[in-house]
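Every heavy atom of this structure was used, including side-chain atoms; hydrogens, water molecules and symmetry mates were not. Predicted model, so just to flag it, every value in this text is computed and none were measured. Indexing begins at 1, ligand by ligand and atom by atom, following the structure's order.
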Amino acid sequence: MCGIVGYVGNQPAEGVLLNGLKRLEYRGYDSSGIATLDDKEQPHLVRAVGKIAELEKALIKTPLTGNMGIGHTRWATHGGVTVENAHPHHVENVFLVHNGIIENFKDIKAFLKKQKFNSDTDSEVLAALINHYYKNGTKLEDAVAKALKKVRGTYGIAVFSPLEPGKIVTARLGSPLVIGLGNGETIIASDASALLGYTRKAIYLNDGEMAVCTADKVNVFDLSLKVVDNSPEEIEGDASQIQKGGYDHFLLKEIMEQPTTLLNTLSGRVDAKKGTLRLGGPNLTPSEINKIEHVVIVGCGTAYYAGLLASYYMEQLVPNLTTEVVVASEYRYRSFHLPKNSVALVVSQSGETADTLACLREIKKRGVKTFGIVNVVGSTIAREVDGGTYIYAGPEMSVASTKAFTAQAVAMLIFAGMLAGHRGGDPAKLHQLAEELVALPDEIAKVLKKHQGQIEKLAKKYAKYEDAFFLGRDTAYPIALEGALKLKEISYIHAEGYASGELKHGPIALVDETFFEVFSILDNWLFEKSIGGLQEVRARGGRAIVFTDSKREIEADDVVRIDTDIKMITPLLINVLQQLFAYYVAVKRGNDVDQPRNLAKSVTVE
Ligand code: M6R
């Protein structure tokens with residue numbers, strides 16, 4: 001949440017910072033700002049409310065000179081969306097951008113007694129505290145370290161002072177920071193996507209570390225200013241991955257590129273001929289795999305739903321295994337116990353979600369082995385798990401998660417297949433799973449091609465509604481939850497996902513002609529029961545769209561029939577069509593599909 005950039009080098013800083021902020025805009029977009037320091041050691045500051053485009057306009061009126069500076073794009077936590085609350089904040093000579101939350105900001109305010117504040121933010125309080133210690137020739141890093149020792153909460157910060165030109169001090173605790181090492185330039189950012197095209201070498205700060213950055217050098221310390229060994233790593237990806245590539249929106253690009261990204265997720269992991277599935281990351285020996293009795297899957301939002309989907313398959317495929325799927329924001333505070341021989345799958349696209357990270361740490365405290373199912377390479381969760389796998393979906397720029405969901409589910413299905421293969425799972429089922437996973441990229445491509453026009457038309461028809469139910473049974477149930485989340489996130493239509501069997505236990509009271517229902521009906525042993533739910537809704541005036549792989553007769557307002565040889569993992573095909581549906585509804589309603597209101601991509605605060 002919130003994006004930070006910093007630059008010190010040989011180019012005009014404004015352009016580099018603005019470019020970085022545009023790439024990080026998905027992390028928060030209610031206001032933004034840039035501060036630079038020019039050659040005459042004069043600081044300059046411009047801030048604006050709204051998206052980065054507003055800052056860009058302000059910078060045309062007031063260009064900023066200088067080869068060093070810091071920038072920020074905000075997702076408000078403390079204080080409303082105003083210019084005063086936008087970052088960078090400055091208190092005398094201390095210019096600061098901050099991600100995270102300073103929990104004891106009131107105590108610090110009381111401690112600083114006479115200090116006047118211009119904003120309602122906890123971040124300005126931190127700037128003031130640093131300034132408090134930044135007196136009488138103290139070095140900036142000393143003042144930052146002293147201040148941070150007094151702070152309770154989370155932070156990723158970048159700080160400069162006109163008194164020490166050419167230097168930016170950064171630090172992190174619970175909020176990511178990566179420092180790109182260029183040729184005579186150093187770029188700081190809250191995620192590596194802002195560094196693409198500038199450098200491939202970067203230092204990922206760990207919690208409790210700070211760094212003093214100049215154009216030619218980066219020194220990493222702990223808060224006692226003891227030197228820390230933190231070696232540079234290679235950044236993956238290239239700048240083309242974070243461009244729209246001819247699409248109107250990142251969301252559409254990310255839906256459409258799933259056939260390609262899935263090839264990366266599957267690469268080297270599934271052998272359809274042998275019916276074998278293997279994930280290298282968990283590094284489990286066959287005897288360790290045999291001992292696993294319980295799998296707990298942890299995630300938030302879409303990652304949680306991907307886990308829920310995977311759990312259905314795990315139960316079906318792996319003998320003698322219990323599974324549990326938990327919402328990280330709840331689980332972290334529960335007095336949970338995990339049975340002996342449990343393992344945890346920690347699922348996160350960003351690898352930075354605060355609740356999921358907190359769960360990971362709680363689970364580790366209980367001595368349970370943790371495996372990450374993570375997209376962003378080098379992210380905090382990826383670094384803290386005992387083992388794990390990247391899903392290789394590539395950068396996901398749209399706030400609503402699409403290709404990551406499919407890749408997360410597929411990675412966990414491979415995990416399930418690996419367990420089943422070692423524990424006497426039904427070989428026929430494993431063969432089928434392996435064959436269907438290998439076929440999935442092409443099947444998704446076929447389905448998208450065939451149904452895109454139909455879905456666009458449907459979206460136009462249903463965009464006027466304000467309420468929707470998404471319904472499904474068994475493996476179509478997690479898909480119903482995910483379909484509802486996608487629609488509400490970007491269209492702002494009130495949408496709820498339910499297990500169809502639950503309808504009669506309350507939700508059906510809401511059904512009338514003002515609602516529409518989206519049913520996912522699989523051609524399996526629950527077909528008739530699912531049709532029963534559909535009829536009950538239609539009898540009460542509800543409008544129904546049905547997604548199905550069945551050729552059997554179905555009476556509904558609209559039926560999307562998927563023609564595929566896939567049988568076991570059809571929900572993943574239905575889901576991409578639900579993603580398209582949400583996309584076109586949001587476009588029809590004139591919404592900002594890539595950056596929907598109130599949301600941010602990476603939820604790094606509670
Ligand atoms: O980065 P993560 O996968 O940990 O994020 C979890 C959720 O915040 C995320 O999936 C969120 O629900 C998305 N906006 C869904 O589209």
Side-chain angles (χ1 to χ4, degrees), residues 1 3 24 26-29 75 174-176 190-193 249-251 254-255 258 297-310 325-332 344-360 370 372-385 388-391 393-409 411-412 470 478-479 481-492 495 497 575-576 578-583 586 591-606:
M1 244 156 196
L24 298 177
Y26 70 97
R27 297 180 70 95
Y29 32 83
W75 187 88
S175 198
S190 42
D191 77 55
S193 63
H249 300 100
F250 280 113
L251 188 64
E254 287 159 9
I255 293 170
Q258 291 180 91
I297 306 178
V298 188
C300 294
T302 284
Y304 166 73
Y305 295 146
L308 193 59
L309 180 66
V325 191
V326 294
V327 172
S329 54
E330 282 296 309
Y331 203 57
R332 64 180 291 186
L345 296 187
V346 183
V347 193
S348 175
Q349 187 285 129
S350 62
E352 301 293 350
T353 301
D355 288 319
T356 311
L357 181 59
C359 272
L360 161 63
T370 55
I373 305 289
V374 174
N375 192 31
V376 176
V377 177
S379 55
T380 310
I381 291 175
R383 301 161 85 80
E384 291 198 14
V385 284
T389 190
Y390 286 117
I391 60 170
E396 196 178 58
M397 304 303 287
S398 177
V399 166
S401 185
T402 52
K403 61 178 180 172
F405 172 87
T406 311
Q408 286 162 345
M412 285 184 274
F470 281 68
I479 294 300
L481 295 172
E482 172 60 9
L485 177 65
K486 219 71 324 161
L487 187 71
K488 79 178 88 159
E489 272 187 304
I490 59 174
S491 74
Y492 316 144
N575 189 56
V576 295
Q578 288 187 159
Q579 294 169 347
L580 258 193
F581 178 72
Y583 169 75
N591 294 351
D592 186 339
V593 285
D594 283 336
Q595 293 173 347
R597 70 184 182 203
N598 304 340
L599 298 178
K601 182 74 181 161
S602 171
V603 185
T604 53
V605 293
E606 268 193 87

May I ask whether [X] has any heavy atom positioned less than 4.0 angstrom from an atom of ligand 1?
X	answer
C300	yes
L599	no
K486	yes

Does ligand 1 come near enough to E489 that some N or O of the ligand is less than 3.5 Å from an N or O of the residue?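 Yes; at least one N/O pair falls below 3.5 Å.
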
Ligand 1 N/O within reach of T356 N/O, cut-off under 3.5 Å: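 No: no nitrogen or oxygen of T356 is under 3.5 Å from one in ligand 1.
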
Do the side chain of E254 and the main chain of M397 share a donor and acceptor less than 3.5 angstrom apart?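 Side chain of E254 to backbone of M397: a pair is present.
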
Side-chain (Y390) to main-chain (G378) donor-acceptor, under 3.5 angstrom: yes

Just heavy atoms, cut-off under 4.0 Å: does E352 contact ligand 1 by side chain, backbone, both, or neither? neither

In terms of atom number and element, which parts of ligand 1 are under 4.0 angstrom from non-hydrogen atoms of [X]?
X	answer
A400	16 (O)
S350	1 (O), 2 (P), 4 (O)
G301	12 (O)

Looking only at protein heavy atoms, which one is nearest to atom 4 (O) of ligand 1, and how far off is it? T353 OG1, 2.4 Å

Criterion side-chain contact (heavy atoms from CB on, under 4.5 Å) on K486 and S491, from CA distance to verdict: CA-CA 8 Å; K486 219 71 324 161; S491 74; over 6 Å; no

Looking at R27 and D191, is any side-chain nitrogen of the basic one under 4.0 Å from a carboxylate oxygen of the acidic one?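 Yes, D191 and R27 are salt-bridged.
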
Atom CG in L251, atom CD in Q579: separation rounded to 0.5 Å?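 That separation rounds to 7.5 Å.
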
Rounded at 0.5 Å granularity, tell me how far CG in D592 sits from OH in Y29. 7.0 Å

